[in-house]
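Structure first, then comments.
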Amino acid sequence: MRAVRCEGAGGPEVLGIGEVADPSPGPGEVLVRVRAAGVNRADLLQRQGHYPPPPGAPETLGLECSGTVAAVGAGVHGWQPGQDCVALLAGGGYAELVGVPAGQLITPPPGVDLVTAGGLVEVAATVVSNLDHAGVGAGATVLVHGGAGGIGSFAVQYARALGCRVLTTAGSADKLAYCLDLGADEAFDYHADWPAAVRAAAPGGVDAVLDVMGASYLTDNVSVLAADGHLLVIGMQGGRRGELDLGALLARRASVSALALRSRPVEQKSAICARVGEVVWPMLADGRVRPAHETRFPLEQAAEAHALLESGRSHGKIVLVV
Ligand SMILES: NC(=O)c1ccc[n+]([C@@H]2O[C@H](COP(=O)([O-])OP(=O)(O)OC[C@H]3O[C@@H](n4cnc5c(N)ncnc54)[C@H](OP(=O)(O)O)[C@@H]3O)[C@@H](O)[C@H]2O)c1
C-alpha cells in the first residue's frame, strides 16, 4: 500500500510517499481502507522526533481517519467489510490501509461528509474525555485557550452545547471573531492581559481551564480557577516545566490534570469513542456543533499540509484525502 513515510526527523520536507507492507488485522482488530486522515499538532512533534509512537503502534503518522471497513480480524462483532467508519488511532492514518482495535471505530456522524469525518474524532475524544474528567456540565464556566485552533474550535462549541459559559483566548482579531462566531461568550487576545480580562468576566473564577500552553500559563491558569476548579493541561506549547503554587491550589481546593489520549489503553479509548458517538454525533447532526473550517490536501501533499499547520496561518482542521 501507499503511505506517507518520514525520512528521518526534521522539517516537513522529510515527508514523502512510499510503498510499505499492507497491515493485516489481528484478533479484535478491523482493517480500514482510509478515505481521509486528520492532521494534528502531535503529528508535527512526531515528525520532528519529539513524540515517538507508543509501543506496538505503527510508525506511520496519523491519529485519526475515516474510511471503509476492508476486513475484520478474529473475534470482531458488529463490523463488516464495506461499512463506513471513523477511527481513533495510535498511529498509521497517513496511509491507504490501517488496522485499529474494533472498540476505537465509530459509525460516522449522520449527515457529515466522510472526508470531513476523518478530522473529527481525535479532537472530540480529547475534549470530551477532559471535560468529563473535570465533571464539566451545564452552568459551568469554562476557559478554552486557543479557541480558534483544532482543539479549541471544537471545545468552544461543545462546551457551549453542554450549556456552559465559554471564555476563550486567541491571537488575532480575525481569530477572536471566529471564536465568537463559534459561540464563545467572550474572547480575549492572549497578547494582552488575558488573566485580568478573565477575572473581570468571571470574578468568582472559572470552573475549568482547557489549556494547550502548559508551563508558561501554569501560574495564571491556577489564578483564574474558581473553588473546586480544574486545570486541564493537554498541550505544552509554552514548555513542560513550571512552578506550581500548591498554596494557590489548596486555597481553591483545585486540581491540575495532564491527560494524554494517545497512550491510554485500548479499553479507555474504546469507552471514550463510544461516548463521542453518544454525545457528540447528535450535536453534529442537529447543528449544535459544526465541523471546523477545513483545508484538504491529497495524501501525497502531507509535507505541504504540515507546513501550513506549522505556519500558524490555518484556521480549524487540515485533512489528507486518500
Ligand atoms: N493531550 C492530548 O491528548 C492532546 C490531544 C490533541 C492535541 N493535544 C495538544 O493540544 C494542542 C493544540 O492542538 P491543536 O491540534 O488544536 O493545534 P492547533 O490547531 O495548531 O492550535 C494551536 C492553538 O494554540 C493556540 N495558542 C498559541 N499560542 C498561544 C498562547 N500564547 N495563548 C493561548 N493560545 C495559544 C493557537 O491560537 P491562535 O491560532 O489564535 O494563535 C491555536 O489555537 C497541541 O499542543 C496538541 O499537542 C493534546
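Indexing begins at 1, ligand by ligand and atom by atom, following the structure's order.
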Side chain of Arg35, backbone of Val322: donor and acceptor closer than 3.5 Å? yes
Over-ring placement of Arg262 relative to Tyr51, 6.0 Å and 45° cut-offs: yes
Should we say atom CD of Glu243 is surrounded by more than 12 heavy atoms from elsewhere, each under 6.0 Å from it? no
Residues lining ligand 1 [heavy-atom distance under 4.0 Å, listed by chain and residue number]: Arg41, Glu122, Thr126, Gly146, Gly149, Gly150, Ile151, Thr169, Ala170, Gly171, Lys175, Tyr190, Val212, Met213, Tyr217, Ile234, Gly235, Gln237, Leu259, Ala260, Leu261, Leu309
Would Leu182 and Arg290 count as a side-chain contact (heavy atoms from CB on, under 4.5 Å) here? Give the steps. CA-CA 8 Å; Leu182 291 171; Arg290 305 191 304 258; 4.1 Å; yes
Qualifying side chain to side chain donor-acceptor pair (under 3.5 Å) pairs with a residue from residues 70-84, counting only residues at least two apart or across chains: Thr68-Asp84
Establish, yes or no, whether a centroid distance under 6.0 Å links the rings of His145 and Tyr217. yes
